[in-house]
Amino acid sequence: MSRLILHVDLDAFYASVEQRDHPEWRGRPLVVGAEPGQRGVVATCSYEARRFGVHSAMPIAQAVRRLPPETIYVRPSMARYAKVSQQVMGVLETVSPVVERVSIDEAYLDVSGLTSLVGPPAIIGAQVKARIRQAVGLTASVGIGPNRLIAKLASDVQKPDGLTVVPPEQVGDFLAPMPFTVLRGIGVKTAPRLERLGVKTIGDVRQLPLETLRQHLGARTGIQVYQQARGLADDRIDPARPRQSISRETTFPEDVSDPRILEETLRWAAQEVGSIARQTRHLGRVVTLKIRFHPFETHTRSRTLKVPTADDAALFGAAWSLFAAEPWSGRPVRLIGLGISGWSATDGGVQMDLFETAAPEPCPEHDRLAATLDAIRNRFGADAIQRGLSRRSPG
DNA sequence: TCTGGGGTCCTAGGACCC
DNA sequence: TCTGGGGTCCTAGGACCC
């Protein structure tokens, strides 16, 4: 028996929350992300902005060139969005107990058992959308199919405010005409490899032998793409998928060479990561330093500790020693941050002790971040930016 | 043209052990 | 004197996703 999987995707989530909360912004192009003139990208934009060809992950400078002057630009308010997301997940749990949140604006539900209680898939989908709208005043697109892949693709075909049901017997016809780039695991690097084979649609991929896909995409992706092209994918929904890592990083407004600023920023990241790890009761053994230089040259260095930790000072110490061990000093740094992973398999008394040594903190991290960013702005702020600009356009 | 931040998963080489 | 093969851990980088 095939399962019934439902995928919910909140439409233009950050932008929709902003338009919901600021009625005067409704009906206008709106970008949530970096500010114009800053480094950064579009996180999400309203459908009015998408009409100009702007989309998520587009560099902000490029978006500004395309959008009209009346466009609204706002920085993301993650805490607010997280709250709305929580409300939505709560609503979903009133529909089915089997809900897996996959990101702030997306979730999968196993609704296999609901047809006899609620009705056919389309009725279940309509109910999900109605409850979300009623609870938080936002629209969502819903897709329903026999597995996660089909449900996800179905939710994509009629955005925004869409509802699409793909019964098992229609999966083949549903997939065949779609561009193969919608398959999971096909991105900017792998797409050209298949294009060179003359492939355009998922139907075309289905004509290729498994061996060909393995050769061109690698063993794992090759098999995955072969199966997806035939509509075969994971149909398990796991409400309790554990997280694998916690990290914080930041890109500086201008590249930074001063080691004191790098050190302060790494201390901030360590406090953030440590605080979240303690709140969520995670102790990790692997500390990873991430650093990015001009031009977008990114490195990671990691160290496995003898004793698992969630302690700010231990995290900072490990990351700073990784930094110090490299001949990097003096190179202008674009981004720096750190992460923790490799949760220890054991549990019990020892771990509890470790949690208790780390003092619980109210929430001074936000203040510290603000202070750190102020410090950076003071050093690299208006003057530095002015100098940079006048260098580019003298007079 | 200029590329955020937070994640997951895969690959591959080397160390080390049996 | 020559040199296997498997398993696991560690590390670095990369692709991809939202």
Side-chain angles (χ1 to χ4, degrees), chain A residues 7-15 31-45 53-66 75-76 78 81-82 85 100-108 148-149 152 155-156 181-193 214 217-225 234 238 241-253 255 265 269 272-273 276 285-306 318 322 325-326 334-342 344-345 369:
Chain A
H7 180 251
V8 199
D9 191 338
L10 296 164
D11 300 314
F13 181 48
Y14 302 170
V31 170
V32 182
E35 266 166 54
Q38 275 186 345
R39 280 177 165 171
V41 298
V42 174
T44 318
C45 60
V54 174
H55 54 79
S56 297
M58 177 181 275
I60 197 71
Q62 201 177 331
V64 169
R65 262 178 267 123
R66 290 170 179 247
R75 302 280 300 157
M78 294 313 297
Y81 310 151
S85 176
E100 181 180 326
R101 179 195 143 115
V102 290
S103 74
I104 195 165
D105 64 346
E106 266 184 72
Y108 288 97
R148 299 167 71 111
L149 172 73
K152 163 92 176 157
S155 74
D156 264 333
T181 48
V182 303
L183 295 177
R184 316 290 291 174
I186 304 287
V188 286
K189 298 288 176 178
T190 46
R193 299 193 207 164
R214 291 176 59 126
L217 302 178
R220 196 78 189 210
T221 310
I223 292 169
Q224 213 201 331
V225 166
D234 194 359
D238 182 358
R241 275 187 64 146
R243 82 148 104 192
Q244 304 295 322
S245 64
I246 301 167
S247 65
R248 276 288 181 280
E249 65 187 48
T250 191
T251 295
F252 297 111
D255 294 351
T265 309
E272 288 277 303
V273 168
I276 292 166
R285 292 179 63 219
V286 181
V287 178
T288 302
L289 167 76
K290 180 172 172 181
I291 194 163
R292 177 172 289 152
F293 303 103
H294 179 82
F296 225 68
E297 174 193 322
T298 309
H299 297 275
T300 59
R301 290 290 181 272
S302 65
R303 163 164 304 174
T304 301
L305 307 176
K306 290 213 169 64
L322 285 165
E326 299 286 340
R334 179 187 177 97
L335 167 153
I336 198 164
L338 70 83
I340 185 171
S341 58
S344 57
L369 169 58

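Throughout, protein chains are lettered first and strands after them, A, B, ... in sequence-line order, and every chain is numbered starting at 1.
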With a non-hydrogen cut-off below 4.0 angstrom, is A/T298 in contact with a base, only sugar-phosphate, or nothing?
nothing
Whole-Å distance between B/dG7 P and A/R184 CZ?
18 Å
Rounding to an integer number of Å, can you tell me how far A/I340 CD1 sits from B/dG7 P?
12 Å
Please check the phosphate of B/dG7 (OP1 and OP2 only) for any side-chain N or O of A/S247 closer than 4.0 Å.
yes
With a centroid cutoff of 5.5 Å and a plane-angle limit of 30°, would you call A/F296 stacked on B/dC2?
no
Between A/H7 and A/Y108, how do the two ring planes meet: parallel, tilted or perpendicular, split at 30° and 60°?
tilted
Over all strands shown, is A/R75 touching base, sugar-phosphate only, or nothing at heavy-atom distances under 4.0 angstrom?
nothing
Without decimals, in angstroms, what is the distance between A/E272 CD and B/dG6 P?
9 Å
In whole angstroms, the gap separating C1' of C/dC17 from NZ of A/K189 amounts to 16 Å
Short side-chain N/O contact from A/R39 to OP1 or OP2 of B/dC2, under 4.0 Å:
no
Can you measure A/I336 atom CD1 to B/dG5 atom P for me and round it to whole angstrom units?
13 Å
Mate of B/dC18 across any strand shown (Watson-Crick or G-U wobble, both atom pairs under 3.5 Å) is C/dG5
With a 4.0 Å limit, can you tell me whether A/K152 has a side-chain N or O closer than that to the phosphate oxygens OP1/OP2 of C/dC18?
yes
Separation of atom CD in A/E297 from atom P in B/dC2, rounded to whole Å
20 Å
Distance check needed: B/dG7 P versus A/I276 CD1, whole Å only.
7 Å
Which residue, A/A219 or A/E249, contacts DNA chain B at a nucleotide closer to its 5' end, judged by nearest heavy atom?
A/E249
Closer than 4.0 Å, any side-chain N/O of A/T221 to the OP1 or OP2 of B/dC10?
no
On a whole-Å scale, what distance lies between the C1' atoms belonging to B/dG4 and C/dC17?
14 Å
Please check if atom CZ in A/R75 has more than 12 non-hydrogen atoms from other residues, nucleotides or ligands closer than 6.0 Å.
yes
Send over the distance from A/R248 CZ to B/dG5 P, rounded to a whole Å.
11 Å
A/R285 side chain near C/dC10 phosphate (N/O to OP1/OP2, under 4.0 Å):
yes
